[in-house]
Amino acid sequence: MEQTNCKPSIVTYSTIIDSLCKDKLIDDAFKLFKEMVFEKGILPNVISYTSLICGLCKLGRWDEASKMLKEMEDENISPNVQTFNVLVDAFCKEGKVEEAEAVINIMIETGSAQNIVPDIVTYSSLIDGYCLRGEMIKAREIFDSITLRGLVPDVVTYSSLLNGYCKNLNVEKVVQLFREISGKGLKPDVVTCNTMLQGLFQVGCCVAAHKLFNEMHAQGRIPDRCTY
DNA sequence: GAGTGTAACT
């Protein structure tokens with residue numbers, strides 16, 4: 001591309017930077033980022049910064065992530081909902097739900113002027129975080145608060161909560177919630193089904209599990225490696 | 001007019 005008239009753009013660079021971050025090759029990502037800025041004179045945007053922050057958070061390099069946020073501020077690039085969601089999710093995955101809640105409070109208190117309002121991804125991450133800690137009452141509380149905020153739980157929100165109940169061996173809630181998904185007009189996807197399968201087998205409901213597996217085939221939801 | 005970033009199962 002560099003040899004043609006079709007020079008790599010901010011989108012080209014961001015695509016590669018994001019891929020490197022996802023492969024945990026954060027140093028290579030930064031190398032490319034610096035090449036883009038200092039050699040090519042292409043200004044980074046909120047997307048390239050969010051990718052880098054995501055990569056740093058997933059490696060637990062919180063100080064550097066915070067440094068990048070500061071750098072964005074200096075460059076007058078405002079973080080948006082997705083930038084904050086990356087932080088919320090990373091904290092939740094680390095079991096740092098309190099920190100995640102703090103980020104959400106910042107979003108609520110200071111973000112509304114810039115159209116930054118926690119969305120369904122934010123709360124799905126938080127539910128997942130509480131589920132990972134086995135705090136199902138809290139997870140349920142967040143789930144119930146979603147509607148009050150005018151948001152609509154999607155299949156990921158349901159699957160996260162479902163996974164929590166499965167790990168908790170709460171069969172009653174699992175069955176109830178799984179029915180509710182279809183009842184709300186949502187379609188359980190392969191991840192939802194895999195979660196259910198694991199839950200059903202764990203409590204010895206092998207017949208129900210096989211029935212669900214067969215239904216997956218019938219409804220064209222292709223089983224994947226996790227299913228098997 | 002288009003293209004890049006966030007959440008669930010293993």
Side-chain angles (χ1 to χ4, degrees), chain A residues 1 6-23 26 29 32-33 36 42-58 65 68-69 72 77-94 97 100 103-104 107 111 116-132 139 142-143 146 151-167 174 177-178 181 186-202 209 212-213 216 221-228:
Chain A
M1 287 177 81
C6 182
K7 305 285 182 223
S9 66
I10 179 65
V11 178
T12 320
Y13 275 101
S14 298
T15 305
I16 303 171
I17 288 168
D18 185 60
S19 249
L20 290 168
C21 287
K22 289 205 163 78
D23 286 343
I26 195 82
L32 195 62
F33 181 81
M36 174 183 89
I42 297 173
L43 290 176
N45 62 15
V46 62
I47 296 180
S48 37
Y49 271 110
T50 301
S51 289
L52 288 170
I53 290 168
C54 183
L56 288 168
C57 285
K58 282 188 171 145
M68 291 306 290
L69 273 171
M72 281 177 80
I77 299 167
S78 303
N80 61 18
V81 176
Q82 294 185 56
T83 316
F84 283 110
N85 282 350
V86 162
L87 297 171
V88 169
D89 185 57
F91 277 131
C92 285
K93 290 261 183 342
E94 286 268 312
V97 184
V103 173
I104 294 175
M107 291 171 82
I116 295 172
V117 175
D119 62 9
I120 192 62
V121 175
T122 322
Y123 290 110
S124 295
S125 295
L126 190 60
I127 287 170
D128 187 47
Y130 277 112
C131 287
L132 290 176
I142 308 292
F143 182 83
I146 284 175
L151 298 169
V152 180
D154 62 15
V155 73
V156 177
T157 322
Y158 272 102
S159 298
S160 303
L161 189 61
L162 195 65
N163 185 46
Y165 284 131
C166 282
K167 295 289 181 306
V174 167
L177 202 63
F178 188 67
I181 297 175
L186 294 168
K187 201 173 167 233
D189 62 14
V190 66
V191 177
T192 322
C193 292
N194 290 348
T195 305
M196 275 302 279
L197 286 173
Q198 155 121 11
L200 289 170
F201 276 121
Q202 226 155 28
L212 177 63
F213 178 66
M216 282 180 73
R221 286 187 302 254
I222 314 299
D224 61 10
R225 201 179 75 245
C226 288
T227 317
Y228 287 106

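Lettering of chains follows the sequences in order, A, B, ..., and the numbering in each one begins at 1. Just so it is clear, the structure is predicted and the values come from calculations on it, not from any experiment.
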For A:Ser48, does its backbone N or O pair with a side-chain atom of A:Asn45 as donor and acceptor, under 3.5 Å?
yes

At under 4.0 Å between heavy atoms, what does A:Ser9 touch on the DNA or RNA strands: base, sugar-phosphate, or nothing?
base

With a strict under 4.0 Å distance from non-hydrogen atoms of chain A, what nucleotide opens and what nucleotide closes the contacted stretch of DNA chain B, reading 5' to 3'?
B:dG3 to B:dT10

So, does A:Thr12 use its side chain to make a donor-acceptor pair with the main chain of A:Ser9 at under 3.5 Å?
yes

Specify the residues of residues 119-127 of chain A, ordered by number, for which at least one heavy atom lies under 4.0 angstrom from an atom of DNA chain B.
A:Val121, A:Ser124, A:Ser125

One pair to check against side chain to side chain donor-acceptor pair (under 3.5 Å): A:Ser125 and A:Asp128. What are the steps and the verdict?
CA-CA 5 Å; A:Ser125 295; A:Asp128 187 47; over 6 Å; no

Base, sugar-phosphate alone, or nothing: which one does A:Val88 contact when heavy atoms must sit under 4.0 Å apart?
nothing

Is there a donor-acceptor pair under 3.5 Å between the side chain of A:Arg221 and the backbone N or O of A:Pro188?
yes

A:Ser160 side chain to A:Asn163 side chain, donor-acceptor N/O pair below 3.5 angstrom
no

Apply the test ring-ring contact (aromatic ring centres under 6.0 Å, His included) to residues A:Phe33 and A:Tyr49: give CA-CA distance (whole Å), side-chain angles for both, the deciding distance (0.1 Å), then the verdict.
CA-CA 9 Å; A:Phe33 181 81; A:Tyr49 271 110; 5.5 Å; yes

For a side chain to side chain donor-acceptor pair (under 3.5 Å) check, start with the C-alpha distance between A:Thr195 and A:Ser159, then their side-chain angles and the critical distance, and finish with the verdict.
CA-CA 7 Å; A:Thr195 305; A:Ser159 298; 5.5 Å; no

Heavy atoms only, 4.0 Å cut-off, all strands: where does A:Thr195 land among base, sugar-phosphate and nothing?
sugar-phosphate

With sugar-phosphate meaning primed atoms plus P, OP1 and OP2, does A:Thr83 contact a base, only sugar-phosphate, or nothing at under 4.0 Å between heavy atoms?
base

Say whether A:Asp224 and A:Thr227, considering side chains only, have a donor N or O and an acceptor N or O under 3.5 Å apart.
yes

Under 4.0 angstrom, heavy atoms only, what part of the nucleic acid is A:Ser159 near: base, sugar-phosphate, or nothing?
base

